[in-house]
Peer 1: 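A single structure is presented below for examination.
Predicted, not measured: the structure shown is a model, and the values here were computed from it.
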Amino acid sequence: MGPEYSKPDTAVGPSVARQRMMALAWPLILSNITVPLLGLVDTAVVGHLPDSRYLGGVTLGATLFSFLFWGFGFLRMGTTGWTAQAHGRGDVSAVLRLLGQSLLLALGIGLALIALHPWLIAIGLTLLDGSPVVTAEAEIYARIRMASAPAVLANYALIGWFLGRGYSKVTLALMVINNTVNILLDLLFVVGLGMATDGVALASVIADYLTLATGLGLALWAWRDWGWPRVRGVLNDAVGYRRLLSVNGALFVRTLCLLFAFAFFHAQGASLGDTTLAANAVLLQFVLLASYGLDGFAHATESLVGQRIGAADEPGFKAVVRAATEWSMLMAGLASLVFLLVGDALIAVLTDLSAVRVMAGSYLIWVVAMPLLAAASYLLDGIFIGATKPRAMRDTMIAALFLVYLPVWWLAQPLGNHGLWLAFIAFTVARSVLLGTVFARAWRRGSWFTAEDRRARPA
């Protein structure tokens with residue numbers, strides 16, 4: 001990196017698109033894999049404490065924050081699309097301004113969450129409905145963990161910015177730093193110093209801020225090299241903020257719908273009995289495993305699509321979409337094949353409860369089909385995020401949720417848990433079909449590079 005801004009190539013062919021897709025995707029896949037490792041260590045460390053309430057409290061508190069922070073994942077997605085397009089144009093001022101605006105937006109939301117934390121924690125833990133003893137431990141965890149809100153959200157913005165510029169290895173490095181520090185501090189605080197729930201929460205807070213410091217250091221190094229005078233308008237560019245908020249608002253609604261879909265699935269599974277709930281939880285780990293690969297290629301697609309649109313390279317855009325489709329379908333096919341061949345063995349690894357194993361095995365066919373049926377929804381999300389067209393994502397998500405998911409569930413209730421999985425699969429397919437229809441219409445019309453699109457980009 002030097003003082004001269006390195007603009008992406010003006011044209012990208014099919015073979016180059018395939019190579020860049022894999023080069024961007026593999027660090028993202030690895031960074032995804034690091035996430036459950038932290039959860040395993042948290043569970044192992046707290047699970048060896050003398051009272052089970054500590055494990056329950058950490059689990060409940062971590063669930064609350066997974067949903068709370070995931071709801072603001074738009075800070076990552078919205079930043080990636082705009083940054084990739086500015087990077088594709090070689091517009092250094094816009095690239096740097098987007099970094100400042102996204103970080104300030106993340107800081108503002110993070111501080112608001114801290115200010116509102118007594119009500120957010122109370123409402124969230126009430127909805128999670130744990131026992132009084134476990135809820136008390138979860139509240140200890142939550143009150144400490146909330147201090148990391150500005151850091152977590154700012155890290156989302158930083159990761160989105162680095163990804164938009166095509167630096168997926170930086171995102172991998174940040175994730176590795178975060179999880180490694182978190183794991184080491186877990187061991188220090190809980191095993192070494194005898195702390196409990198509070199130690200696990202404090203470890204996460206410190207890790208989040210150390211990750212933020214590292215990311216800011218890397219970003220400010222780039223900013224310094226390119227010159228501070230270019231970005232004097234960061235704090236007072238109202239148009240830029242409106243564009244970011246417009247994109248992020250649509251992504252926020254879309255994410256809330258997705259969160260509701262998963263929460264509804266868990267709630268309905270729980271209503272069918274504890275064994276069914278446990279079996280579904282095991283099978284959803286399969287969905288999570290498949291998402292590591294599919295998300296990696298989807299995130300790479302966001303970056304490459306945004307850069308091609310920014311460079312006004314329509315042949316390159318089409319080459320990227322084709323490459324993303326090829327890699328995504330290959331990954332989905334491999335995941336489905338693995339689940340088909342060794343699904344029962346994986347279930348046995350995840351649980352030693354015979355009743356849960358038997359029930360999970362009876363519903364395994366649904367998760368065998370899931371990667372192939374869900375691949376298009378991941379891919380299309382990546383394309384629309386890179387193109388900064390989240391309204392289509394929002395509208396099709398709402399339609400899939402209320403016109404397909406809930407009606408299918410209602411009609412399929414006599415089928416029990418099979419009906420619930422059918423509704424979830426139908427929801428996934430509906431997302432793909434509806435968003436795919438929007439994409440196909442724009443593809444046929446060649447409307448990804450209209451004058452309106454160019455005017456909508458931040459300058």
Peer 1: To the closest 0.5 Å, what do you measure between SG (Cys257) and CG (Leu401)?
Peer 2: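 Between Cys257 SG and Leu401 CG, I get 5.5 Å after rounding to 0.5 Å.
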Peer 1: Can you find a heavy atom in the side chain of Tyr156 that is under 4.5 Å from one in the side chain of Ser102?
Peer 2: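 Heavy-atom side-chain distance check fails, nothing below 4.5 Å.
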Peer 1: Are the side chains of Val253 and Ile398 in contact, using a 4.5 Å heavy-atom criterion?
Peer 2: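 Yes; the side chains approach each other to less than 4.5 Å.
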Peer 1: Hey, does Phe286 have a side-chain heavy atom less than 4.5 Å from the side chain of Ile347?
Peer 2: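 In short, these two side chains touch, coming nearer than 4.5 Å.
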Peer 1: Under 4.5 Å between any side-chain heavy atoms of Leu272 and Gln268, yes or no?
Peer 2: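 Result no, sub-4.5 Å side-chain heavy-atom pair not found.
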Peer 1: Measure the shortest side-chain to side-chain distance between Arg431 and Asp381 over non-hydrogen atoms and say whether it is less than 4.5 angstrom.
Peer 2: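 Yes - at least one pair of side-chain heavy atoms lies under 4.5 Å apart.
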Peer 1: Is there a side-chain contact between Tyr378 and His299 (heavy atoms, below 4.5 Å)?
Peer 2: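 No. Closest side-chain heavy atoms not under 4.5 Å.
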Peer 1: Measure from the side-chain N and O atoms of His117 to the backbone N and O of Ile114, and report whether any donor-acceptor pair falls under 3.5 Å.
Peer 2: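 Present.
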Peer 1: Heavy atoms, side chains only, cut-off 4.5 Å: are Ile309 and Phe317 in contact?
Peer 2: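 With C-beta onward as the side chain, the pair touches.
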Peer 1: Heavy-atom distance under 4.5 Å between the side chains of Phe162 and Thr83, does that happen here?
Peer 2: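 Phe162 vs Thr83: side chains apart.
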Peer 1: Can you list every pair that meets salt bridge (charged side-chain N to carboxylate O under 4.0 Å, His left out) and has a residue in residues 393-416, with sequence neighbours left out?
Peer 2: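 Output for this query is empty, none listed.
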Peer 1: Can a donor-acceptor pair be found between the side chains of Arg441 and Thr437 at a distance below 3.5 Å?
Peer 2: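 No, Thr437 and Arg441 have no side-chain donor paired with an acceptor closer than 3.5 Å.
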Peer 1: Does the separation of the ring centres of Phe265 and Trp421 fall below 6.0 angstrom?
Peer 2: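 For Phe265 and Trp421, the ring centres are under 6.0 Å apart.
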Peer 1: Distance-only, no hydrogens or angles: does the Ser303 side chain make a donor-acceptor pair with backbone N or O of Leu163 under 3.5 Å?
Peer 2: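 Present.
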Peer 1: Look up atom CD1 in Ile121 and atom CG in Leu116, then write down how far apart they are to the nearest 0.5 Å.
Peer 2: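 It comes to 11.0 Å.
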Peer 1: Check whether Trp161 reaches the backbone of Val95 with its side chain - one donor and one acceptor, N or O, closer than 3.5 Å.
Peer 2: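 Confirmed, Trp161 side chain pairs with Val95 backbone.
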Peer 1: Distance from Phe69 atom CZ to Leu64 atom CG, nearest 0.5 Å?
Peer 2: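 The distance works out to 8.5 Å.
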Peer 1: Run the numbers on Phe264 and Trp409 for ring-ring contact (aromatic ring centres under 6.0 Å, His included), then give the verdict.
Peer 2: CA-CA 10 Å; Phe264 183 84; Trp409 165 78; 5.0 Å; yes
Peer 1: Indicate whether the side chain of Asp208 and that of Asn155 have a donor and an acceptor atom separated by less than 3.5 Å.
Peer 2: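 Their side chains do not contain a donor-acceptor pair, so the 3.5 Å distance test is not met.
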Peer 1: Look at atom NZ of Lys169 and say whether more than 12 heavy atoms of other residues, nucleotides or ligands are closer to it than 6.0 Å.
Peer 2: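 Open: at most 12 neighbouring heavy atoms sit under 6.0 Å from NZ of Lys169.
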Peer 1: To the nearest 0.5 Å, how far apart are CD1 in Ile177 and CG in Asn182?
Peer 2: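 That separation rounds to 13.0 Å.
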Peer 1: Please confirm whether the backbone N or O of Met359 pairs with a side-chain atom of Ser362, one donor and one acceptor, at under 3.5 Å?
Peer 2: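 Side chain of Ser362 to backbone of Met359: a pair is present.
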